[in-house]
Amino acid sequence: MNVASVRLFLEVAEAGSLSKVAARRQTVQSHISRQITEFEAECGGTLFRRTGRGVVLTEFGTRAVARLRPWLQETEQLTQALRSESGLLLGEVRLGIIPSAAHPLTTRLFERLQAEHPGIRLDIAEAQGADLDAMLDSGAVDMAVLFRFNKPSGGEERQLCVAHTYLVSAPGDPLTAGPTLNFSRLAGLRLVLPRRPSHWRHALDETARSLGFKLEPVVEADSLTVQKELVARGPGLYSILGPYSVSDELRSGRLRASKLVRPDLSRYIALALPRQGKLSPACRVVATMLQQLVESWGNQLTEPSA
């Protein structure tokens, strides 16, 4: 049985959608559909039932997931172990990461791997937190760097750093002139916010509600680039972002930001490890390097200024 086919089947099962998986893999839906049909023929039965909203597992598909998920993990671990015993650490490590953490972390990680373990190949998937959780559950990624609202307690998740929350504006805006700003000052502002459903959007809405007002977005966009461009080009527009999303723009003076307090909305950036099975030798190297890089930067996701 082909490992890549099993991996694709589990990814579709977790996502419940051929189109979502096609988007993640940057291919067309028909290609994913054809691969699933071929895998169903190989298994000898129908694994999915097509619906108007996506796909759902058949009873046979549910049984297949229960048996193939541990098989895939054991197979990949065995392959990695055999390669490591050959004297050269080889293998692919599939890393999921939130957009705001992608650079320079993955850039420096790649450079270190090339210098110390050139046999390890990175497969990097950039996605939002909910999608990364689904990819971890399905085994589509081996580990992920993502936001958490609660402090990781070790085990499957390791804390990398803490991210506070900032009101971001175009330069020269008087509201962001000071280092901090009470969250209640957001009442009535013209905001650019992430679209629902989103854990982060829900947290922002609930915080405002607890203070007796409602956030008023004039634009909703998931793209960090879109949010930042709108704010930079539109005086009187604001967004609510973490420090690593805007670090380059703050250094260049293209944006300005004040830390939101009362309450201080802190999020934890964590390295989430596989929820089932053990880390392969290559994965252990990458996990250790990620933690070492962040620690060397003073527990931040950006390199210290020279």
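Atom set for the values below is all heavy atoms of this structure, side chains included, hydrogens, waters and symmetry mates excluded.
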Q) What residue among R267, E157, Q159 forms side chain to side chain contact (heavy atoms under 4.5 Å, CB included) with R148? A) E157

Q.
Using a strict threshold of under 4.0 Å (side-chain N to carboxylate O), is an ion pair present between D131 and K20?
A. no

Q. Does one side chain, of S169 or T176, offer a donor that lies under 3.5 Å from an acceptor on the other?
A. yes

Q | Polar side chain donor-acceptor pair, Q227 to S239, under 3.5 angstrom | A | yes

Q.
Minimum heavy-atom separation for F9 and I36, please, with both atom names.
A. CA-CD1, 4.0 Å

Q: To the nearest 0.5 Å, tell me how far N150 CG sits from Y268 OH.
A: 8.0 Å

Q. Should D205 and R196 count as an ion pair when the cut-off is N to O under 4.0 Å?
A. yes

Q) How far apart are the closest heavy atoms of A287 and L273, and which atoms are they? A) CB-CD2, 4.3 Å

Q | Expected output: side-chain S138 to main-chain E14 donor-acceptor under 3.5 Å | A | no

Q: Indicate yes or no: does E11 engage R25 in a salt bridge with an N to O separation below 4.0 Å.
A: yes

Q | Worked verdict on I269 versus L146 for side chain to side chain contact (heavy atoms under 4.5 Å, CB included) | A | CA-CA 6 Å; I269 297 176; L146 70 178; over 6 Å; no

Q. Do Q291 and L271 touch side chain to side chain, with heavy atoms closer than 4.5 Å?
A. yes

Q) Rounded to the nearest 0.5 Å, how far does OG of S19 lie from CZ of R53? A) 13.5 Å

Q) Would R190 and E216 pass as an ion pair if we require N to O under 4.0 Å? A) no

Q | Atom pair OG1 (T62) and CG (L47), whose distance is rounded to the nearest 0.5 Å | A | 9.5 Å

Q | Aromatic ring pairing W200/F149, orientation class (parallel under 30°, perpendicular over 60°, tilted between) | A | parallel

